[in-house]
Amino acid sequence: MTARIEARGWGWRHAGRSGWAVSDVDIVVEPGERVLLLGASGSGKSTLLRGLAGVLGDEEDGDAAGELLVDGRPAAQARGAAGLVLQDPDAQVVLARVGDDVAFACENLGVPRDEIWRRVPQALDAVGLRLPLDHPTTALSGGQKQRLALAGLLAMRPGLLLLDEPTANLDPEGAVDVRDAVVAAAEATGSTLVVVEHRVALWAEHVDRVVVLGAGGGVIADGAPGAVFDAHGSVLTAAGVWVPGVVPEIPRTPPRRSGVELLRAERLAVGRRPLGARQARTVADGIDLAVASGTATAVLGPNGAGKSTLAATLAGLLAPAGGALTASAELAAGARGEPVRWTSRQLLTRIGMLFQSPEHQLLASSVRDELEVGPRALRSDPATTARTVDDLLARLRLTALADENPFTLSGGEKRRLTVAASLVTRPRLLVLDEPTYGQDARTWRELAILLDDVRADGTALVVVTHDRPLVDALADDVVVLGPAVAGAAA
């Protein structure tokens, strides 16, 4: 089974937005072709995938222009032909157990029961998620949820595979495994493949075409990968599109003040308490680290090793499962005990936290209001807050979106917004979980420079990431967590 795609002047504008999320798209993808879809952050890549999957909704959700066809039918009428993995894997976890979640889409398509349960373990094995079928989905890390969503897609065996940043939160080895699983599935079924991915080099040799959307609409490049990068490389780089072998340079700024220790972990164990359990399940232990002002510490390790759990523990959102976590007098500044005992107001100026999923920390109805949540809680001077907010909006290319609903932004725009929201109260320590996820090359560079500038001014950074160029550009120290505890959430 395979599918043909045709877009004729197609575009989509979200309800309540003045600008088009994507516009003037003209493209034909023949059955069985594999396409890598690129473009600057906010150019409409995710919107195009949603349109092809038929999940954009009706006139109440937005306005459409032109035609978008799958096998000659409007995409909204061909939903069974396409399978979509979203940018946010949390949004696709439906059921409580791993096996049931993979089986869910197959059941909706009417696949016979015996066939479903032949496909489920095969799909899980293909993406490297080797867990019991009754393993709880709430115990999965972000990267494991990404694999779970992909397994559900592969089990469907649709004619059109649509993947939105499928390796964004995966460790390097896992990213290769997932790519290989997708390529093998496309080859075995003849499915048409469209993948959006900022890890361009990972996919370039495994696709037939590269299609690049322009920030102002339309298609600005289309052809074989080598031909596109050779002919348009400099233009694409200037537009913020990742080009294989081109890594933006980050001028690192020396600290503007001497560093002092803010937080120390000694033989620290971290874990989360499963629903209904009396105590936390340890996912990583024996962790020793010291965090000083004006420094950046990178936390690396495979998916499920406990990186996100460590981040939440350092940020005062989870209690340590063992060992010691001590805040210095410099950081505590009158707050008592471990960070987990501090109030939310005390944490605001002491420790900031950026979650792996941007949607988990969006609270307001506009981008500007989102950035004013923290300062309002601190009763900051409105004029000072306005200047700070305006500066962050400008530096992270969000000024034009200041009045828009945060939930209508692209994944990369949401990430930049949540980074700005974490910075706006000027915490002494900032813990960031995958801060560069979903960024084009230009916004990646601007984000990295902003974080380096914040560090140089004396803020301590702890960065959980699989982004090796970011580690090379920013990190003073690196902490590597060990192999994943089977089934444990990161």
Side-chain angles (χ1 to χ4, degrees), residues 128-131 135-136 138-145 169-174 259-274 277-293 295-328 330-332 337-342 347 350-351 353-356 428-435 460-468 470-472 474-490:
L129 192 61
R130 299 174 181 92
L131 296 172
H135 189 82
T138 54
L140 301 179
S141 73
Q144 290 169 325
K145 288 176 183 175
N169 293 324
L170 298 181
D171 57 67
E173 182 178 345
V260 296
E261 186 172 298
L262 299 178
L263 196 65
R264 175 174 289 272
E266 297 176 293
R267 307 302 297 168
L268 180 68
V270 298
R272 298 178 186 266
R273 185 165 60 88
R278 293 186 176 181
Q279 61 184 20
R281 175 189 298 158
T282 299
V283 297
D285 58 18
I287 302 167
D288 295 309
L289 63 86
V291 180
S293 61
T295 66
T297 301
V299 179
L300 311 180
N303 292 117
K307 301 183 300 299
S308 294
T309 303
L310 172 61
T313 304
L314 296 177
L317 304 181
L318 292 175
L325 181 64
T326 307
S328 69
E330 177 85 12
L331 178 63
E338 297 174 326
V340 74
R341 300 184 181 276
W342 299 351
L347 284 170
R350 292 169 174 83
I351 308 178
M353 173 71 190
L354 178 76
F355 294 112
Q356 191 175 81
R428 296 296 310 279
L429 167 61
L430 185 56
V431 183
L432 305 116
D433 197 348
E434 299 290 358
L461 304 180
V462 176
V463 183
V464 171
T465 186
H466 294 300
D467 185 346
R468 191 71 218 189
L470 184 71
V471 176
D472 294 340
L474 296 187
D476 298 292
D477 298 297
V478 174
V479 174
V480 181
L481 299 191
V485 176

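Throughout, numbering of the chain's residues begins at 1 and tracks the sequence. The structure displayed is predicted, hence computed values, not measured ones.
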Please check if atom CD in Glu266 has more than 12 non-hydrogen atoms from other residues, nucleotides or ligands closer than 6.0 Å.
yes

Heavy-atom pair with the smallest gap, counting every atom of Ala296 and Leu474:
CB-O, 3.3 Å

Could you tell me if the side chain of Leu170 sits less than 4.5 Å from the side chain of Asn303, heavy atoms only?
yes

Distance-only, no hydrogens or angles: does the Lys307 side chain make a donor-acceptor pair with backbone N or O of Pro302 under 3.5 Å?
yes

From Gln356 CD over to Lys145 NZ, what is the distance, rounded to the nearest 0.5 angstrom?
8.5 Å

Note, Leu470 side chain near Pro435 side chain (heavy atom, < 4.5 Å):
yes

Looking at residues at least two apart in the chain, or sitting in another chain, which of them share a salt bridge (Lys or Arg N to Asp or Glu O under 4.0 Å) with Glu261?
Arg264

Does Asp477 have any salt bridge (Lys or Arg N to Asp or Glu O under 4.0 Å) partners at least two apart in sequence or in another chain, and if so, which?
none

State, with a plain yes or no, whether a side-chain heavy atom of Leu131 is found less than 4.5 Å away from one of Leu140.
yes

Applying side-chain hydrogen bond (donor to acceptor under 3.5 Å, both in side chains), name anything that partners Arg267, two or more places apart in sequence or on another chain.
none

OG1 on Thr297 to CG on Leu289, rounded to 0.5 Å:
7.0 Å

The side-chain hydrogen bond (donor to acceptor under 3.5 Å, both in side chains) partners of Glu330 (sequence neighbours excluded) come to Arg428

Within the 4.5 Å heavy-atom criterion, are Leu318 and Val340 side-chain neighbours or not?
no

Test of understanding: with side-chain hydrogen bond (donor to acceptor under 3.5 Å, both in side chains), list the residues that count as partners of Arg341, not counting sequence neighbours.
none

In short, Gly306 meets Leu481 closest at the heavy-atom pair C-CD1, 3.6 Å

Please report the shortest heavy-atom distance between Thr309 and Gly271, naming the atom on each side.
CG2-N, 3.6 Å

Heavy-atom closest pair (Ile287 atom, Ala284 atom, distance to 0.1 Å) is CD1-CB, 4.0 Å

With sequence neighbours left out, write down each residue that passes side chain to side chain contact (heavy atoms under 4.5 Å, CB included) with Val471, or none if nothing qualifies.
Ala298, Leu300, Thr465, Arg468, Ala475, Val478

Quick one: closest heavy-atom pair of Ile351 and Leu314, and the distance?
CD1-O, 3.6 Å

Shortest non-hydrogen contact from Met353 to Leu317?
CG-CD1, 3.7 Å

Kindly compute the distance separating CG (Leu268) from CG (Leu263), expressed to the nearest 0.5 Å.
9.0 Å

